[in-house]
Amino acid sequence: MAAGNRIAALSLAAIRMAAAGTCTEPAVVARWLYRFGTAPCTPAIERDFGPDDDPLAILSLTKGAHVRRLLETGYDAHSLAGWYSFARTGLPQQLSTACKLYVSPKPEALSDAFPIIAEQFIRTEVRSFKVGRGIEGLLRPDKIVAYFDSDTHLMQVAEALDQSLQGCPVQGVPFTAEITGNSLVSSGIDPPAGASAVSWRSWITKRLAASLVMSAADPGADHIAIALTGLRNSGIDPDRWVPVTQDFWKLNPS
């Protein structure tokens, strides 16, 4: 594990806890791994986010609110299952590549952090992003995801956010690549359009779950080592959670 990589530590903790479990259904284990790191819904969260499970006010996205007015000048908004999605007006929907940036403030920091994040996305001309919908969507670690055509643009935005959000409480997204060292921003690479794999993290958690469930039949096996070796053999560095080859999705189409 890379020194100081909190996301790597978080990811390994998820794998260890899954390996210690007794579930024999790979799909269930995969869902649990994918959701690892989700914040609990405390009474304070329910109070601050509001009672209607649609906390637009915490994001300054209610009608007439500051962030909503800013986004309305250049972005088209859509409601999706579990998400609010924003795309720059007039641009084609299909990305030439699928670099994605995760921004993961703790839920209680969203009222301060999200306006800064949205303003940076607008200023740096991020072409599209989404934010979790409802309390459940904002408790998940991967609550804010932005999409890019190039790694260069992604890194520029990540560094700008890191500077703008100094001191922001961080949640952190397991199975993603640390960027600035504090776990607030991290990255992944989605499969190309038409691939059977859905997303970077879902592909990883599905593979991990299958390996953990299969190796559980041998109680003397090192289940964690087997799972991590399987990922390495597939072309993923599980210390940094990055693909080690540009042909990763060609070699792993499903």
> Backbone N or O of Ile179 within a donor-acceptor pair of the Glu159 side chain at under 3.5 Å?
no
> Which residues pass the ring-ring contact (aromatic ring centres under 6.0 Å, His included) test with Trp32, not counting sequence neighbours?
Phe36
> Excluding sequence neighbours, so at least two apart, what forms salt bridge (charged side-chain N to carboxylate O under 4.0 Å, His left out) with Asp162?
none
> Please list all pairs passing the side chain to side chain donor-acceptor pair (under 3.5 Å) test where one or both residues lie in residues 99-116, with sequence neighbours left out.
Lys100-Asp190
> For Arg31, which residues count as a salt bridge (charged side-chain N to carboxylate O under 4.0 Å, His left out) partner, sequence neighbours excluded?
none
> Using the ring of each side chain (for Trp, its six-membered ring), is Phe121 parallel, tilted or perpendicular to Phe129, with breaks at 30° and 60°?
tilted
> Counting distance only, does the side-chain N/O of Asn252 pair as donor-acceptor with the main-chain N or O of Ser234 below 3.5 Å?
yes
> Checking Ser60 now: which residues fulfil side chain to side chain donor-acceptor pair (under 3.5 Å) with it, not counting sequence neighbours?
none
> Is there a donor-acceptor pair closer than 3.5 Å between any side-chain N or O of His153 and the backbone N or O of Thr124?
yes
> Not counting sequence neighbours, which residues clear side-chain contact (heavy atoms from CB on, under 4.5 Å) with Ile116? List them please.
Ser164, Leu165
> Tell me which pairs pass side chain to side chain donor-acceptor pair (under 3.5 Å) where either residue lies in residues 213-222, with sequence neighbours left out.
Ser215-His223
> Under the rule for salt bridge (charged side-chain N to carboxylate O under 4.0 Å, His left out), what residues qualify as partners of Arg207, not counting sequence neighbours?
none
> Going by salt bridge (charged side-chain N to carboxylate O under 4.0 Å, His left out), name the residues that satisfy it together with Arg35, two or more places apart in sequence or in a different chain.
Glu136
> Do Met155 and Ile144 belong to the same hydrophobic cluster, where Ile, Leu, Val, Met, Phe, Trp and Tyr are linked whenever their side-chain heavy atoms lie under 4.5 Å apart, directly or via other members?
yes
> Without swapping roles, check the side chain of Arg127 against the backbone of Tyr147 for a donor-acceptor pair under 3.5 Å.
no
> Closest approach of Leu33 and Ala18, non-hydrogen atoms and distance?
CD2-CB, 3.8 Å
> Got a donor-acceptor contact below 3.5 angstrom from the Ser199 side chain to the Ser202 backbone?
yes
> Are Leu70 and Leu61 connected in the hydrophobic side-chain network, where two residues link if heavy atoms are under 4.5 Å apart?
yes
> Enumerate the ring pair (Phe, Tyr, Trp, His ring centres under 6.0 Å) contacts for residues 166-192, please, sequence neighbours excluded, ordered by first and then second residue.
Phe175-Trp241
> Would you find a donor on one side and an acceptor on the other, under 3.5 Å apart, between the side chain of Ser211 and the backbone of Leu208?
no
> Find out if a path of hydrophobic residues (ILVMFWY) with successive side-chain heavy-atom gaps under 4.5 Å connects Ile226 to Leu12.
no
> Closest approach of Leu80 and Ser85, non-hydrogen atoms and distance?
CD1-CB, 3.7 Å
> Determine whether a donor-acceptor pair (N or O, by modelled atom type, separation under 3.5 Å) exists between the side chain of Glu46 and the backbone of Cys41.
no
> Output all residues satisfying side chain to side chain donor-acceptor pair (under 3.5 Å) with Arg140, sequence neighbours left out; order by chain, then residue number.
Tyr34, Asp142
> Should Ile204 and Val28 be regarded as members of a common hydrophobic cluster, given that ILVMFWY residues are connected when their side-chain heavy atoms come within less than 4.5 Å of each other, either directly or indirectly?
no
> Any side-chain to backbone donor/acceptor pair from Arg201 onto Pro174? Under 3.5 Å, distance only.
yes
> Are Leu110 and Phe49 packed together at the side-chain level, in the sense that at least one heavy-atom pair is separated by less than 4.5 angstrom?
yes
> With sequence neighbours excluded, give me every side chain to side chain donor-acceptor pair (under 3.5 Å) pair touching residues 14-24.
none
> Answer whether the closest heavy-atom distance between the side chains of Phe248 and Ile189 falls below 4.5 Å.
no
